[in-house]
Amino acid sequence: MSPTASDRSRPEEINDAIRAFLTDRDGHPLTPAERRQYEVLRARWLEAVRRRHGRAGP
């Protein structure tokens, strides 16, 4: 799953994508572009968790 994955993905799927994304970087500091990709994934994960629990955004 890439940062362009569907906004309707389940939190578990997005979490798997985040883990794979970070694993691929093998512990090196993220570049600014990689940091933006991570932040997009994290925002999608948070939205998916909120949807699951019936909560709107902040």
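What you see is a predicted model; the values in this text were computed from it and never measured. Heads up: numbering here begins at 1 and tracks the sequence.
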Salt bridge (Lys or Arg N to Asp or Glu O under 4.0 Å) filter on R52, not counting sequence neighbours, yields E12

One should read off an interatomic distance between Q37 CD and L30 CG, to the nearest 0.5 angstrom, of 9.0 Å

Output side-chain donor-acceptor pairs under 3.5 Å for residues 15-25, partner residues at least two apart or in another chain, one line each.
| from | atom 1 | to | atom 2 | distance (Å) |
| --- | --- | --- | --- | --- |
| T23 | OG1 | R19 | O | 2.8 |
| R25 | NE | E34 | OE2 | 3.2 |
| R25 | NH1 | F21 | O | 2.6 |

Sequence neighbours excluded, the answer for side chain to side chain contact (heavy atoms under 4.5 Å, CB included) partners of R42 is Y38

When rounded to the nearest 0.5 Å, the distance separating CZ of R51 from OG of S9 is 8.0 Å

side-chain hydrogen bond (donor to acceptor under 3.5 Å, both in side chains) filter on R35, not counting sequence neighbours, yields E39

